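This report refers to the structure that appears directly beneath it.
Note that the structure is predicted; figures quoted are calculated from it, not measured. For reference, positions follow the sequence shown, starting with 1. For the numbers below, each heavy atom of this structure counts, side chains included, while hydrogens, waters and symmetry mates do not.
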Amino acid sequence: MLKNLLFLLALSSLGSIGFCSIIPKGLLNQYKNQPPLETILQKPEGYPDRFFLVGGKILSNEPLEDRTELLIEQRKLNHSGKPVGSSSKNKRLILIITKDFLDPNIYTEGRLVTAYGKITVRKLGKEKKIYLAARSIYLWPQFNPIQGGYIGGGPGFFF
């Protein structure tokens, strides 16, 4: 009886962990109050000391000597900070720069990331380059369906 109770307790705690957000709750609350990205990018100088949460699908990863540059296709974030949805005709590309080395064999094209940092503007001659100077980047796990077959209704057995 006690063994069964402990098993159920362990199972329920594992289940609840699966629904928790990886992004700290404070950041998610701040994200809910941040202006739309379109507004921020129209006048990035208006937000000099503010941090933002952005996410999307990696298009390229360029590790350089002193930084890594990730080019992502921006997507909306769900309640746990994960990028959701698919690309649209009006896709917005965002350059994320971090001082950390992000291995191109891990941070590969098509993976989803959420980054937290400051929107920064760098002038290169007459051209303005807008990017996110990342303080932290979270790489979302890929979903790999179980290989093999399925027997049964409900939980069933996998082989």
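Going from atom CD1 of Ile40 over to atom CD1 of Ile119 covers 6.0 Å, rounded to the nearest 0.5 Å. Distance check: Glu62 CD to Leu64 CG gives 4.5 Å after rounding to the nearest 0.5 Å. Put simply, CZ on Phe101 and CG on Asp66 are 13.5 Å apart, with the number rounded to the nearest 0.5 Å. Rounding to the nearest 0.5 angstrom, the gap separating the CG atom in Asn61 from the CD1 atom in Ile72 is 12.0 Å. Going from atom NZ of Lys82 over to atom OH of Tyr138 covers 8.5 Å, rounded to the nearest 0.5 Å. The distance from the OG atom of Ser60 to the CG atom of Leu93 is 9.0 Å, given to the nearest 0.5 Å.
Using a distance-only test at 3.5 Å, with no hydrogens or angles considered, a donor-acceptor pair links the side chain of Arg75 to the main chain of Gly85.
Using a 4.5 Å heavy-atom cutoff, the side chains of Lys129 and Leu95 are in contact. In this structure, the side chains of Leu53 and Thr114 come closer than 4.5 Å at one or more pairs of heavy atoms. Counting heavy atoms from C-beta on, the side chains of Arg50 and Lys118 never come closer than 4.5 Å. Side-chain contact between Trp140 and Arg111 is absent, with no heavy-atom pair separated by less than 4.5 Å. Contact annotation: the side chain of Thr108 never approaches that of Ile58 to less than 4.5 Å [non-hydrogen atoms, C-beta and beyond]. Looking only at side-chain heavy atoms (C-beta outward), Thr120 and Ile130 stay at 4.5 Å or farther from each other. In this structure the side chain of Ile97 never reaches within 4.5 angstrom of the side chain of Thr68, judged on heavy atoms. In this structure, the side chains of Ile137 and Ile96 come closer than 4.5 Å at one or more pairs of heavy atoms.
Annotation: Phe52 is in aromatic contact with Tyr47 [ring centroid separation under 6.0 Å].
Salt-bridge annotation for Arg67 and Glu69: present, with a side-chain N of the basic residue lying under 4.0 Å from a carboxylate O of the acidic one.
Both Phe51 and Leu77 belong to a common hydrophobic cluster when Ile, Leu, Val, Met, Phe, Trp and Tyr are linked at side-chain heavy-atom distances under 4.5 angstrom. Residue Leu139 is grouped with residue Ile94 when hydrophobic side chains (ILVMFWY) are merged at heavy-atom distances under 4.5 angstrom, including chains of intermediate members.
Pairing each heavy atom of Pro63 with each of Pro104, the nearest pair is CG-CG, 3.7 Å.
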task = Determine, step by step, whether Glu38 and Arg92 satisfy the side chain to side chain contact (heavy atoms under 4.5 Å, CB included) criterion, reporting the C-alpha distance in whole Å, the side-chain angles of both residues, the deciding distance to 0.1 Å, and the verdict.
result = CA-CA 9 Å; Glu38 293 77 24; Arg92 179 170 308 282; 3.2 Å; yes
